[in-house]
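Below is one structure, written out as structure tokens; the observations come after it.
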Amino acid sequence: MTRTVLIIEDNPGIGELVRMQVSDLGMNAVLLDRGDTGLERFREGGIDLVILDLMLPGLDGLAVCREIRSSPGYVPVLMLTAKSTELDRVLGLEMGADDYLTKPFSVAELAARVKALFRRVDALSQGSPASKEVEEIQVEGLKIDPVRRRVFVDDHEVDLTAREFDLLWHFASHRGRVFSRAQLLDAVWGYNHEGYEHTVNTHINRLRNKIEADAADPRYVQTVWGVGYRFMD
């Protein structure tokens, strides 16, 4: 079946560029320029991916993303933003965005992100831990349930985004192994573009803030200086 991508972008030039690229990838593209009308179209159903601008009239991108995440089912969200501050990226991820692109971006970057998100969706439905009888991981107060995609620290459930869970599961499934940022991008995000390792940094920082007693002195996800990260051995 042909996938349908909802693009919510109020800049006509960028919106048309994204629409053309999505169409070139063989997907149906629906382009709207307001957050409220975009959310209405999403609620009608049949959307496989949302490409969402941060700054929108009617309803901003953060509010739209929050509403999408509160809806039943999982639809990936790729957020576009003209801003490049850490706060803007964190806010988007906090609302449940799976990934983000900072304007200006190349069509090659956009295509890679879209393909990676769909590869991830396919993996979740066909070959992910959630679709198999995989045993949960328990280590020093941390419990990861791969079937229900739930995480507990000292018996208290921790609310992780889909990408944060995938990152934690990848680490915990390879205890003691050191991964570079580029390797994590390939394994968890499904792409690797030079200069985007900061995406890994942002997610690891957020993950630590949720699962570690002291994010500045992490017990589970440890830094190997000059190399990358590893899960406790």
Side-chain angles (χ1 to χ4, degrees), residues 1-71 73-124 161-163 185 189-199 202-203:
M1 294 180 60
T2 302
R3 283 162 162 156
T4 298
V5 179
L6 174 60
I7 305 157
I8 312 176
E9 167 61 67
D10 65 331
N11 182 301
I14 295 176
E16 182 61 19
L17 177 67
V18 175
R19 187 197 66 76
M20 291 176 59
Q21 182 61 35
V22 167
S23 297
D24 287 345
L25 292 173
M27 304 171 189
N28 295 326
V30 178
L31 174 59
L32 295 171
D33 61 2
R34 291 178 57 89
D36 47 2
T37 56
L39 183 58
E40 289 175 6
R41 174 60 187 88
F42 173 81
R43 287 172 171 165
E44 292 174 6
I47 300 300
D48 301 296
L49 168 68
V50 179
I51 300 179
L52 177 64
D53 188 26
L54 180 62
M55 305 300 293
L56 290 167
L59 196 65
D60 66 47
L62 294 177
V64 173
C65 189
R66 182 170 56 246
E67 290 298 319
I68 289 173
R69 280 294 165 260
S70 67
S71 303
Y74 166 70
V75 175
V77 175
L78 173 61
M79 187 162 281
L80 308 179
T81 173
K83 300 179 180 180
S84 58
T85 66
E86 181 77 8
L87 176 61
D88 294 312
R89 294 197 298 270
V90 168
L91 284 174
L93 297 172
E94 184 66 39
M95 291 301 103
D98 295 272
D99 205 352
Y100 64 88
L101 271 175
T102 303
K103 303 173 187 177
F105 50 83
S106 72
V107 292
E109 290 173 326
L110 174 64
R113 301 300 181 92
V114 170
K115 291 177 182 178
L117 284 170
F118 279 127
R119 282 197 300 270
R120 179 178 174 278
V121 169
D122 291 340
L124 284 173
T161 66
R163 188 75 72 180
L185 276 173
W189 278 259
Y191 63 82
N192 184 6
H193 284 296
E194 184 179 356
Y196 279 89
E197 282 87 355
H198 62 267
T199 299
T202 299
H203 278 77

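Treat the numbers as computed from the prediction; the structure is a model and nothing was measured.
Not counting sequence neighbours, the partners of R43 by the side-chain hydrogen bond (donor to acceptor under 3.5 Å, both in side chains) test are E67. Residues satisfying the salt bridge (Lys or Arg N to Asp or Glu O under 4.0 Å) test with E16, not counting sequence neighbours, are R19. Residues passing the side-chain hydrogen bond (donor to acceptor under 3.5 Å, both in side chains) test with R41, sequence neighbours excluded: none. Not counting sequence neighbours, the partners of D36 by the salt bridge (Lys or Arg N to Asp or Glu O under 4.0 Å) test are R34. For L17, the side-chain contact (heavy atoms from CB on, under 4.5 Å) partners at least two apart in sequence or on another chain are V107.
Across A29 and V22, no two heavy atoms sit closer than the pair CB-CG1, 3.8 Å. Residues L78 and V114 share a closest heavy-atom pair of CD2-CG2, 4.4 Å. For the residue pair L52 and G61, the shortest heavy atom distance occurs at CD2-O, 3.2 Å. Nearest approach of L49 to I47, heavy atoms of both residues: O-CG2, 3.4 Å. Closest non-hydrogen pair, C65 versus A97, comes out as SG-N, 3.5 Å. Between D33 and D10, the closest heavy-atom pair is O-CB, 3.4 Å.
Looking only at side-chain heavy atoms (C-beta outward), Y100 and T202 come within less than 4.5 Å of each other. Taking 4.5 Å as the limit, some side-chain heavy atom of I68 sits within range of a side-chain heavy atom of V77. Looking at heavy atoms from C-beta onward, L117 lies in side-chain contact with D98 at the 4.5 angstrom threshold. Contact of the L56 side chain with the I8 side chain is registered, since non-hydrogen atoms from C-beta on lie closer than 4.5 Å. Annotation: side chain of V5 is in contact with side chain of I51 (closest heavy-atom distance under 4.5 Å). A 4.5 Å side-chain heavy-atom check between F105 and L80 finds at least one atom pair inside the cut-off.
Rounding to the nearest 0.5 Å places CG of L31 at 12.0 Å from CE of M20. Atoms CG and CD1, from L110 and I14 in turn, are 11.0 Å apart once rounded to the nearest 0.5 Å. The CG atom of L54 sits 13.0 Å away from the CG atom of L101 when rounded to the nearest 0.5 Å.
For the salt bridge (charged side-chain N to carboxylate O under 4.0 Å, His left out) condition, the pairs that include at least one residue of residues 46-56, sequence neighbours left out, are D53-K103.
A donor-acceptor pair is defined here as one N or O able to donate and one able to accept, closer than 3.5 Å; no such pair exists between the side chain of Q21 and the backbone of V18. R69 places no side-chain N or O within 3.5 Å of a backbone atom of V64 that could act as its donor or acceptor partner.
Taking 4.0 Å as the cut-off between side-chain N and carboxylate O, D99 and R113 count as a salt-bridged pair.
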